[in-house]
Protein chains: 4
Amino acid sequence: MHPDHSGELASLNRIEGQVKGIKRMIEDRRYCVDILTQIKAAKSALHRVEQSILKSHIQGCLRSAVESQQELEIQQKIDEVMELLSKRV
Amino acid sequence: MHPDHSGELASLNRIEGQVKGIKRMIEDRRYCVDILTQIKAAKSALHRVEQSILKSHIQGCLRSAVESQQELEIQQKIDEVMELLSKRV
Amino acid sequence: MHPDHSGELASLNRIEGQVKGIKRMIEDRRYCVDILTQIKAAKSALHRVEQSILKSHIQGCLRSAVESQQELEIQQKIDEVMELLSKRV
Amino acid sequence: MHPDHSGELASLNRIEGQVKGIKRMIEDRRYCVDILTQIKAAKSALHRVEQSILKSHIQGCLRSAVESQQELEIQQKIDEVMELLSKRV
């Protein structure tokens, strides 16, 4: 069973609102720097959600894999985490 | 007059859809790594929109400021751009 | 006993050479963009060393902690990793 | 004539010292997290040098290009800057 990340839903609702807000700013021909600042805020918020889910994943899935002592499973989980970390978006 | 960024609206609609998709994945208790991959995709897409608006800003506003030869305006625009670039979200 | 990272020494020697090269480029008044490209290359190389050491750390120390079943130790290791990951340099 | 970045040489000397320090830490089999913290510090310092040179470049070269009113030169300079910014190392 995978960890429950429903604690992130409120943040994701706010991020969805931020994206809608960015669209509105573009439609209203707002100043680029104000739009860019809002995009940064949305990226920042998404980054925090990502960190939080990654932490649950390491504490939940990665840890369970190690506890299971199944070598293939452990290596796969570690490779998955490293793959995620290597993409620096 | 600020540059028109309405070419980014289609991407922002897709990003909004991605955020909704992430919420659904959380509600469905999908595997963390799949959720994290989707978050990366949304961050990546936001990053591309940001780069594109920043380019328009440099080509439009920063360039106009330099052409206006108003020293204070030029410095302010350059400071704004550097301020945006220094936040590495 | 901590993992052996001596496999990274060759990369770090190259990075040291890159940093010396950047200093030389500045002394020779080379074009900014060429210097910036070289700085990116050094940052990229440092990032690869970091990823590699982080992987060893997760495979070595974090895993040992989980295997030891000492709850405090496990939480401390996970917190350390998350702390490292949250700094997005 | 390109801008003078010799104000960055002191920082680059310190970064070179940090890289040597990281090599020593690896040779001394220091704890991974301490090594990783030192790598972050070196990356951070390189990032600050990069930001500073980029700022000089925008204030110097990009601005001169716009002032020269040579359209090809302006586009090339803006493309170079965007190319640098798009690589997120």
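In this text the structure is predicted, and so the values were computed from the model without any measurement. Hydrogens, waters and symmetry mates are skipped; everything else that's a heavy atom, side chains included, is used. Within every chain, numbering begins at 1; the chains are lettered A, B, ... in the order of the sequence lines, protein sequences first and strands thereafter.
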**Student:** Just so I know, are the side chains of C/Lys55 and A/Asp79 near enough to count as touching, which here means a heavy-atom distance under 4.5 Å?
**Tutor:** yes

**Student:** Can you tell me how far the CE atom of A/Met82 sits from the OG atom of C/Ser56, to the nearest 0.5 Å?
**Tutor:** 8.5 Å

**Student:** Counting C-beta onward and ignoring hydrogens, is there a side-chain heavy-atom pair between C/Leu62 and A/Leu62 closer than 4.5 Å?
**Tutor:** yes

**Student:** Give a yes-or-no answer on whether the side chains of A/Gln69 and C/Glu67 include a donor-acceptor pair shorter than 3.5 Å.
**Tutor:** no

**Student:** Atom CD1 of C/Ile74 and atom CD1 of A/Ile58: how far apart are they, to the nearest 0.5 Å?
**Tutor:** 13.5 Å

**Student:** Between C/Glu71 and A/Arg63 (salt bridge meaning N to carboxylate O under 4.0 Å), is one present in this structure?
**Tutor:** yes

